Amino acid sequence: MTAALRVAVTRAAGRGDTLATRLTAAGATVHEVPLTTIARRDPAPLYAALRTVADVRWILLPSISAAEALAGAVRATGTADAVQDCWFAVVGETTARAAEAHGWRADVVPSQFKAEGLLDALAARSDVRGSRVLYPCAAGARDVLPDGLRVLGATVDVIHTYESVPDPDGQALLGRLLAAGDLDLVTVAAPSAVDALADVVPPECTAQIALASIGPVTSKAAKQAGFRVAVEADPYTVDGLVRAIVAWRDRPR
């Protein structure tokens, strides 16, 4: 990759540093432009769920934000010992590391870093049916996991602990960079980032912007919004996204 590739990293503030660092090391000119920020929701429902956590067999963590929300609620409710008795299933190695930072071992980390992969991994086990599952997640999260687990015979408590909301400053900066023609590629790591990008780009211009997507769920949202997905990570990780961007930049012209 050469320094000529100009990339906007649009992950929420505090979430894009690793991607930005690795792209810079690979020779890209990187603009960190968070299009969304994480907003915490009322913790009361999670507090209430943790008061009966002794009845929970599995805790599902779909993201770092979910792990952080759970950790804060555990501290507030004094339920650390009871939570330690639960089994943890997480989406992705990054979330596994976040869980481990709070003292929770990830018992299940699927080979496919998305909800469908985690559901498949849990479906292959014999200890899900009849279990109570705690699922702290983002508002607006897909129902793949809770619906699939209920089909498998689990009872699932879905607690919306946070949400991605647009970052107006980031949106304005990205609009200026695009208008000036200063970007070759824009990364998107969630459908919420696609929505925030669509607020900036006129519909007639979406197809002119090359996106680098973290995975198929985000790619689908981008295509539905009219954007051109030039790069998709495989596997669906930061490392996979960096490798895919490098391959795209270095492909024969």
Side-chain angles (χ1 to χ4, degrees), residues 41 43-162 189-191 214-220 232-240:
R41 303 198 73 176
L46 186 54
Y47 290 176
L50 286 173
R51 292 190 185 101
T52 58
V53 74
D55 299 328
V56 171
R57 165 66 71 86
W58 286 96
I59 296 178
L60 308 187
L61 296 177
S63 66
I64 296 174
S65 295
E68 291 176 348
L70 178 64
V74 166
R75 288 192 295 271
T77 56
T79 52
D81 290 343
V83 167
Q84 286 287 358
D85 291 335
C86 298
W87 289 26
F88 283 80
V90 307
V91 177
E93 294 173 351
T94 303
T95 306
R97 288 193 291 271
E100 288 164 5
H102 295 294
W104 307 319
R105 182 173 68 88
D107 299 285
V108 175
V109 184
S111 56
Q112 294 184 56
F113 298 154
K114 57 179 182 175
E116 288 84 352
L118 185 54
L119 181 60
D120 288 344
L122 291 169
R125 301 179 63 96
S126 61
D127 52 4
V128 172
R129 180 172 295 277
S131 296
R132 182 180 164 202
V133 178
L134 179 60
Y135 181 39
C137 62
R142 296 184 302 145
D143 294 327
V144 170
L145 271 173
D147 287 353
L149 288 170
R150 288 170 183 138
V151 170
L152 294 175
T155 299
V156 186
D157 297 330
V158 178
I159 311 293
H160 294 144
T161 59
Y162 64 97
I214 194 66
V217 174
T218 301
S219 295
K220 180 179 179 181
E232 184 176 281
D234 184 15
Y236 317 138
T237 63
V238 168
D239 285 341

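Computed from a predicted structure; not experimentally measured.
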State, yes or no, whether a side-chain contact exists between [X] and [Y] at a heavy-atom distance under 4.5 Å.
X: Val56; Y: Val133; answer: no
X: Thr94; Y: Ile64; answer: yes
X: Val90; Y: Trp104; answer: no
X: Tyr162; Y: Ser63; answer: yes

Write down the atom of [X], the atom of [Y], and the distance for their closest heavy-atom approach.
X: Val53; Y: Ala82; result: CG1-CB, 3.4 Å
X: Glu100; Y: Arg105; result: CG-CA, 4.5 Å
X: Ile159; Y: Leu46; result: CG2-N, 3.7 Å
X: Pro110; Y: Ala121; result: CB-CB, 4.3 Å
X: Ala115; Y: Leu145; result: O-CD2, 3.8 Å
X: Arg57; Y: Ser131; result: CG-OG, 3.6 Å

Worksheet item: Is the count of non-hydrogen atoms from other residues, nucleotides or ligands lying under 6.0 Å from Asp85 atom CG greater than 12?
Response: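 Yes.
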Does [Y] offer a backbone N or O that forms a donor-acceptor pair with the side chain of [X] under 3.5 Å?
X: Thr52; Y: Asp55; answer: no
X: Ser219; Y: Gly215; answer: yes
X: Glu93; Y: Val109; answer: no

Worksheet, complete the sentence: Here the side chain to side chain donor-acceptor pair (under 3.5 Å) pairs for residues 143-158, sequence neighbours left out, are Arg132-Asp157
Discussion item. Run the salt bridge (Lys or Arg N to Asp or Glu O under 4.0 Å) test on Arg142 and Glu116 for me, step by step, so that the C-alpha distance in whole Å, both residues' side-chain angles and the decisive distance to 0.1 Å come before the verdict.
Written reply: CA-CA 10 Å; Arg142 296 184 302 145; Glu116 288 84 352; 2.8 Å; yes
Worksheet item: Could you walk me through whether Leu119 and Leu149 pass the side-chain contact (heavy atoms from CB on, under 4.5 Å) check?
Response: CA-CA 7 Å; Leu119 181 60; Leu149 288 170; 4.1 Å; yes
Worksheet entry | Phe88 and its side-chain contact (heavy atoms from CB on, under 4.5 Å) partner, picked from Val108, Leu70, Leu60 | Leu70
Practice prompt. Please list, chain by chain and in numerical order, all residues satisfying ring pair (Phe, Tyr, Trp, His ring centres under 6.0 Å) with Tyr135, sequence neighbours excluded.
Written response: none
Discussion item. Testing the 3.5 Å rule here: is there a donor-acceptor pair between the side chains of Tyr236 and Thr218?
Written reply: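 No, no side-chain donor-acceptor pair sits under 3.5 Å.
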Practice prompt. Tell me yes or no: between the side chains of Thr79 and Thr77, is some donor less than 3.5 Å from an acceptor?
Written response: yes
Fill in: Pairs meeting criterion ring-ring contact (aromatic ring centres under 6.0 Å, His included) with involvement of residues 47-84, two or more places apart
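As it turns out, the ring-ring contact (aromatic ring centres under 6.0 Å, His included) pairs with a partner in residues 47-84, which skip direct neighbours, are Trp58-Trp87.
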Item to complete: List the steps and the verdict of side-chain contact (heavy atoms from CB on, under 4.5 Å) for Cys137 and Thr161.
Response: CA-CA 6 Å; Cys137 62; Thr161 59; 5.9 Å; no
